[in-house]
Amino acid sequence: MLRIENLRFSYYGKSIINGIDLDIGTGLTVLLGPNGCGKTTLMRLMCGHLNPESGSCTLDGREIRTIPARSRARRLAYVSQRGYAGGDISVRDSVLLGRYAFTGILRSYSALDISAAENAMARCGVQELADRSVLALSGGELQRVLLAKALAQIYYAPGSAFSALLLDEPVTGLDIKHQLRFMALAKEISAERCVMAVLHDIELAARFAQRIIVIKDGRIFADGSPAEVLTADVLKEVWEIDGSISYISGQPFLKLSGDGI
C-alpha cells in the first residue's frame with residue numbers, strides 16, 4: 001500500500017502540496033484537477049523524486065526515500081509526462097532496460113527478462129515496432145513503448161517485487177483506440193496491484209477509474225467513486241465549467257450547459 005501523511009511541498013516559497021493524507025491500495029485510482037493544482041508534484045513526491053518539506057510517503061510501511069534506488073525500482077515504476085526511451089536503440093532494447101533493477105550493469109538478460117519485455121510489448125501493442133529505433137517513433141508510439149518498459153520493470157517482476165505503478169498523463173499522444181486499450185489494461189493490472197494515474201480526460205476517468213481523487217490548490221477537494229466525485233458542483237468549483245456527467249447505457253458522457261463556461 002502507498003500511504004501519504006500530512007504531505008507538504010513548496011517551490012521557491014510557493015506552497016504546492018498543502019497537507020495531503022491518502023491511503024492507496026489496489027484498484028485503479030485516478031488523479032484529476034486543473035493545470036497547476038499539484039498532481040504531477042504529488043506523483044514525484046510519491047516516487048521519491050522530490051523530498052517533502054514535511055510529512056511522509058511510505059510503500060508498504062517503509063519511507064520511500066529510504067529505499068535504495070534499485071530496490072525501489074523493483075517495486076515502483078513511474079511513467080512521467082516527458083519520458084525518455086534511451087538514445088538510438090531499438091524498441092526491444094528500450095523495453096529491456098526496464099529490467100535493469102533485476103539484471104544490473106554486467107549481467108545478461110535471462111529468459112524471464114526477455115519474456116517480460118516481449119509480453120509487455122504485446123500488451124501495449126508495440127511488438128511490431130520491436131526492431132525499430134525509438135528515434136523513429138511518433139509521439140504516441142513512444143508513449144506506448146514507455147508504458148511497456150514500465151510494465152516490464154514491475155508487473156512481470158518475480159515474487160512480490162511489484163507494488164505500485166504511477167502514471168503521469170499516460171495516454172497523452174495516444175489515439176482513442178490506444179487510450180481505451182491502455183486504460184483497460186491499467187484497470188486489469190489494478191485488480192491485484194496499486195495503479196495510480198493522472199488524467200485530464202474526465203470521461204475517460206469516469207469510464208475506467210474505481211476511485212477518483214480531485215486535487216485543487218494542492219489539497220484534496222473530493223475523493224470517492226466517479227459517481228460520487230464528478231458532480232455538477234465539483235465541475236463548477238474545480239474546473240469552472242457548467243455541466244454534469246450523464247450515463248448512457250452505463251457509459252459516462254460529459255454534458256455541458258451551452259458552451260460550458
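Everything numeric here is computed off the predicted structure, so don't read it as measured data.
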Would Gln143 and His178 satisfy side-chain contact (heavy atoms from CB on, under 4.5 Å), going step by step from the backbone distance to the final call? CA-CA 10 Å; Gln143 187 69 354; His178 287 102; over 6 Å; no

Tell me whether [X] contacts the main-chain N or O of [Y] through its side chain, where contact means a donor paired with an acceptor under 3.5 Å.
{"X": "Gln153", "Y": "Leu76", "result": "yes"}
{"X": "Arg72", "Y": "Ile67", "result": "yes"}
{"X": "Arg144", "Y": "Gly125", "result": "yes"}
{"X": "Ser94", "Y": "Val91", "result": "no"}
{"X": "Lys39", "Y": "Ile215", "result": "no"}
{"X": "Ser133", "Y": "Leu135", "result": "yes"}
{"X": "Glu228", "Y": "Asp223", "result": "no"}
{"X": "Arg70", "Y": "Ala101", "result": "yes"}

Test side-chain contact (heavy atoms from CB on, under 4.5 Å) applied to Glu141 and Leu129, step by step: CA-CA 9 Å; Glu141 288 170 336; Leu129 306 174; 4.0 Å; yes

Name the residue from Ile20, Leu45, Leu42 that meets the side-chain contact (heavy atoms from CB on, under 4.5 Å) definition with Phe9.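 It is Leu45, the one option of Ile20, Leu45, Leu42 that forms the side-chain contact (heavy atoms from CB on, under 4.5 Å) with Phe9.
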
Apply side-chain contact (heavy atoms from CB on, under 4.5 Å) to the pair Ile4 and Leu2, showing each step before the final yes or no. CA-CA 7 Å; Ile4 301 167; Leu2 282 168; 5.9 Å; no

Spacing of [X] atom [atom1] and [Y] atom [atom2] [to the nearest 0.5 Å]:
{"X": "Asp242", "Y": "Ser257", "atom1": "CG", "atom2": "OG", "answer": "5.5 Å"}
{"X": "Ser71", "Y": "Leu59", "atom1": "OG", "atom2": "CG", "answer": "11.0 Å"}
{"X": "Phe182", "Y": "Leu174", "atom1": "CZ", "atom2": "CG", "answer": "8.5 Å"}
{"X": "Leu235", "Y": "Leu32", "atom1": "CG", "atom2": "CG", "answer": "10.0 Å"}
{"X": "Cys37", "Y": "Arg219", "atom1": "SG", "atom2": "CZ", "answer": "12.5 Å"}
{"X": "Asp23", "Y": "Glu5", "atom1": "CG", "atom2": "CD", "answer": "7.5 Å"}

Any side-chain heavy-atom pair from [X] and [Y] closer than 4.5 angstrom?
{"X": "Ser56", "Y": "Ile64", "answer": "no"}
{"X": "His200", "Y": "Asn35", "answer": "yes"}
{"X": "Leu199", "Y": "Phe208", "answer": "no"}
{"X": "Thr58", "Y": "Glu63", "answer": "yes"}
{"X": "Asp131", "Y": "Arg92", "answer": "yes"}
{"X": "Lys187", "Y": "Gln210", "answer": "yes"}
{"X": "Leu112", "Y": "Phe102", "answer": "no"}
{"X": "Arg65", "Y": "Pro52", "answer": "yes"}

Closest approach of [X] to [Y] (non-hydrogen atoms, all atoms of both residues):
{"X": "Ala191", "Y": "Thr26", "value": "O-CB, 4.3 Å"}
{"X": "Ala152", "Y": "Ala117", "value": "CB-CA, 4.2 Å"}
{"X": "Cys124", "Y": "Leu185", "value": "SG-CD2, 4.3 Å"}
{"X": "Ala148", "Y": "Val126", "value": "CB-CG2, 4.2 Å"}
{"X": "Val30", "Y": "Ala205", "value": "CG1-CB, 3.8 Å"}
{"X": "Val238", "Y": "Pro34", "value": "CG1-CD, 3.4 Å"}

Are a donor atom and an acceptor atom from the side chains of Ser10 and Glu53 found within less than 3.5 Å of each other?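 The answer is yes; a qualifying pair exists.
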
Run the side-chain contact (heavy atoms from CB on, under 4.5 Å) test on Asp21 and Asn6 for me, step by step, so that the C-alpha distance in whole Å, both residues' side-chain angles and the decisive distance to 0.1 Å come before the verdict. CA-CA 5 Å; Asp21 294 287; Asn6 194 30; 4.2 Å; yes

Would you say [X] and [Y] are hydrophobically clustered, going by side-chain heavy atoms of ILVMFWY under 4.5 Å?
{"X": "Leu180", "Y": "Phe253", "answer": "no"}
{"X": "Met43", "Y": "Met1", "answer": "no"}
{"X": "Leu204", "Y": "Ile248", "answer": "no"}

